[in-house]
Amino acid sequence: MISRIDLRGDALPEGPALRDLLPRADFDVQAALEKVRPICEDVHHRGDAALIDFAEKFDGVRLESVRVPAQALADALADLDADVRAALEESIRRARLVHRAQRRTAHTTQVVPGGAVTEKWVPVERVGLYAPGGRSVYPSSVIMNAVPAQEAGVESIALASPPQADFGGLPHPTILAACALLGVDEVYAAGGATAVAMFAYGTESCPPANMVTGPGNIWVAAAKRYFTGRIGIDTEAGPTEIAILADDTADPAHVAADLISQAEHDPLAAAVLVTDSPDLADAVEKELEPQVAATKHVDDRIRPALAGRQSAIVLVDGVEEGLKVVDAYGAEHLEIQTADATAVADRVRNAGAIFIGPWAPVSLGDYAAGSNHVLPTGGCACHSSGLSVQSFLRGIHIVDYTKDALAEVAHHVVTLAEAEDLPAHGAAVKARFGWKVPESK
């Protein structure tokens, strides 16, 4: 069901050579980019009419309006199962606790007497959030996007999710209910690249946004790439990933269950076990078969994901070598199930989120740990972070110098300007002192 890669024996290669040995899904955003380009431009030129036509083409439903009526949000919340509502409310509460603590305040540095630089943090004015609605429905993604934006102080928040033929062209009612719980009342029935284009260009119904965030399929990722520079994005999210670094102290039933939990997302989902224990590898393989057989989405998602080139059991000589492998892989989700897991986790450099020990499965982070589940994929954890309050803030430097403070450093400014052959830069300082550079004190 799952392949093996044996990296024992010879010294592990460094850098790209090691990354090339590790499993990864095929996810060609560049190829998809050419397919989404005409879609995005049609939305640009025809606005809501294009969105309605694409909803009929891709989602099988003819919309009367792209904007979701306020009554539909209220009805969805009123009809929401009580247990689901309680779970969503607790997820929101925990997410707010974590993200509220991420708020940043202005800080002033007194560089010299009379010369100060302040860094203040200003939220993005308007953001468009995306909640997928294809193979599964993700009200949790509504929470993970909306809460950090709200805690950052974003004034205008809109959300898009694909229209569903089964619900009269509205997004899934659980998505709508989550929006109602969060107070997000600007919601659109738009999916994939069309939703990103709607936020990037704006339409008759939807004003343009400064930023678009949220996970999605390859068409969403391609549209984000297309609009990078026009709008801010969080990341080009690829198929979900789990990597588990485990030794012989790990419970094979737990490890197998966690691999399956990510494989059920999508046939391209990656499930990777890195271990120095052949016995654990054997035991996990034995556990996979009955656990897979006992669950849902077996043939259309889980088996293809586990059997795909993106999933494997990687054998290494020890935990030290395992750390090198998981750092080279840069997983979206990384579980550490080893002896002294906290100390091992502390040495990890590249991961979207780290889950320590047997009682912190990725599923906890997906819903109710308080952490964010919108995380970098495809190895991007080596340079990118997950969604947070910081994602929605911009740092602005405010420079405040007196005449004496400028005079003290003026000769350095002029010297550097002349060294760069930019004399007008120096002249802008000289002009303030009668074109004579003050002598340093």
| Less than 4.0 Å between a side-chain N and a carboxylate O, is that true for E204 and R46? | no
| request: Take V362 and D258, measure what side-chain contact (heavy atoms from CB on, under 4.5 Å) needs, and give me the verdict at the end. | output: CA-CA 7 Å; V362 168; D258 294 352; over 6 Å; no
| N145 side chain to S141 main-chain N or O, any donor-acceptor pair under 3.5 Å? | yes
| said: Main chain of Q164, side chain of D59: is a donor-acceptor contact present, judged purely on distance under 3.5 Å? | reply: no
| For atom CZ of R103, is the number of surrounding heavy atoms from other residues, nucleotides or ligands below 6.0 Å larger than 12? | yes
| message | Please check if the number of heavy atoms outside R4 that lie under 6.0 Å from its CZ is greater than 12. | response | yes
| said: Other residues, nucleotides and ligands only: do more than 12 of their heavy atoms fall within 6.0 Å of CD on E34? | reply: yes
| query | Are the side chains of D366 and Q262 in touch, meaning some heavy atoms are under 4.5 Å apart? | reply | yes
| field | Heavy-atom donor-acceptor pair, S311 side chain to A305 backbone, under 3.5 Å | value | yes
| query | Does the side chain of K120 reach to within under 4.5 Å of the side chain of H397, using non-hydrogen atoms? | reply | no
| task | Over all heavy atoms of both residues, which pair between G370 and V98 is shortest? Give the atoms and the distance, please. | result | O-CB, 3.1 Å
| request: With rounding to the nearest 0.5 Å, note down the distance linking OG1 in T203 to NE2 in H44. | output: 11.5 Å
| query | Are T213 and V127 side-chain neighbours, meaning at least one heavy-atom pair lies under 4.5 Å? | reply | no
| message | Does Q110 have more than 12 heavy atoms from other residues, nucleotides or ligands lying within 6.0 Å of its CD? | response | yes
| message | Contact between L387 and F392 at the side-chain level, heavy atoms closer than 4.5 Å - yes or no? | response | yes
| query | Can E320 and K324 be counted as an ion pair, charged N to O under 4.0 angstrom? | reply | no
| field | Any side-chain heavy-atom pair of D300 and P267 under 4.5 Å | value | no
| Considering all heavy atoms, the nearest A32-I218 contact | CB-CG1, 3.9 Å
| field | Greater than 12 external heavy atoms within 6.0 Å of F58's CZ | value | yes
| Salt-bridged, R94 to E90, with N to O below 4.0 Å? | yes
| request: Could you grab the distance from atom CG of L375 to atom OG of S385, nearest 0.5 Å is fine? | output: 9.5 Å
| query | Picking from V344, I354, V272, what satisfies side-chain contact (heavy atoms from CB on, under 4.5 Å) with L245? | reply | V344
| Going by heavy atoms in the side chains, are R96 and L182 under 4.5 Å from each other? | yes
| request: Determine the sole option in E332, H373, H265 for which the side chain to side chain donor-acceptor pair (under 3.5 Å) test with T240 is passed. | output: E332
| salt bridge (Lys or Arg N to Asp or Glu O under 4.0 Å) between E155 and R126, intermediate numbers included | CA-CA 6 Å; E155 292 182 2; R126 175 172 166 80; over 6 Å; no
| query | So how far is it from L80 CG to D75 CG, rounded to the nearest 0.5 Å? | reply | 12.5 Å
| field | Closest contact, heavy atoms only, A243 versus A331 | value | CB-CB, 3.6 Å
| request: For the pair R104 and E119, evaluate salt bridge (Lys or Arg N to Asp or Glu O under 4.0 Å) and give the outcome as yes or no after the intermediate values. | output: CA-CA 10 Å; R104 304 188 72 162; E119 185 173 42; 5.0 Å; no
| Pair D48 + R67, salt bridge at N-O below 4.0 Å | no
| said: Run the side chain to side chain donor-acceptor pair (under 3.5 Å) test against T295 and tell me which residues pass, sequence neighbours left out. | reply: none
| task | Determine whether E56 and V61 make a side-chain contact, defined as any pair of heavy atoms from C-beta on separated by less than 4.5 Å. | result | no
| said: Could you tell me if the side chain of N372 sits less than 4.5 Å from the side chain of P148, heavy atoms only? | reply: yes
| task | State whether R301 and D266 are salt-bridged, where the test is any N-O pair (Lys NZ or Arg NE/NH1/NH2 against Asp/Glu carboxylate O) under 4.0 Å. | result | no
| Less than 4.0 Å between a side-chain N and a carboxylate O, is that true for E321 and R8? | no
| For the student: nearest non-hydrogen atoms of A381 and G330, plus distance | CB-O, 3.6 Å
| said: Determine whether D279 and S277 satisfy the following criterion, side-chain hydrogen bond (donor to acceptor under 3.5 Å, both in side chains), listing intermediate values before the conclusion. | reply: CA-CA 5 Å; D279 289 342; S277 171; 5.2 Å; no
| salt bridge (Lys or Arg N to Asp or Glu O under 4.0 Å) between R37 and E41, worked out | CA-CA 6 Å; R37 186 188 306 273; E41 290 311 306; over 6 Å; no
| said: Give me the atom names and distance for the closest heavy-atom approach of D42 to A50. | reply: O-CB, 3.6 Å
| query | Do NZ/NE/NH1/NH2 and the carboxylate oxygens of R303 and E264 come within less than 4.0 Å? | reply | no
| request: Only pairs at least two apart or in different chains count here, so list each ring-ring contact (aromatic ring centres under 6.0 Å, His included) that has a residue in residues 217-237. | output: Y201-F227
| message | Going by side chain to side chain contact (heavy atoms under 4.5 Å, CB included), name the residues that satisfy it together with I233, two or more places apart in sequence or in a different chain. | response | K224, T228, I231, E236
| task | Could you grab the distance from atom OG1 of T174 to atom OH of Y138, nearest 0.5 Å is fine? | result | 13.5 Å
| request: With side-chain contact (heavy atoms from CB on, under 4.5 Å) as the test, would you mind laying out the steps for I143 and S91 before giving the verdict? | output: CA-CA 8 Å; I143 296 169; S91 179; 3.6 Å; yes
| field | Heavy-atom donor-acceptor pair, R394 side chain to P123 backbone, under 3.5 Å | value | yes
| request: Report the C-alpha separation of D327 and R347 in whole Å, then their side-chain angles, then the decisive distance to 0.1 Å, and conclude whether the salt bridge (Lys or Arg N to Asp or Glu O under 4.0 Å) test is met. | output: CA-CA 10 Å; D327 266 342; R347 297 177 59 200; over 6 Å; no
| request: Kindly give the heavy-atom pair with the smallest separation between G192 and Y130, and that separation in Å. | output: N-OH, 2.8 Å
| task | Supply the atom-to-atom distance E335 CD to L259 CG, rounded to the nearest 0.5 angstrom. | result | 8.0 Å
| field | Stepwise side-chain contact (heavy atoms from CB on, under 4.5 Å) check, E241 with L334 | value | CA-CA 9 Å; E241 307 159 345; L334 174 63; over 6 Å; no
| Got a second to check how far H333's NE2 is from I244's CD1, nearest 0.5 Å? | 11.5 Å
| query | For W121 and T105, what are the C-alpha separation, side-chain angles and deciding distance, and is it a side-chain contact (heavy atoms from CB on, under 4.5 Å)? | reply | CA-CA 7 Å; W121 296 93; T105 56; over 6 Å; no
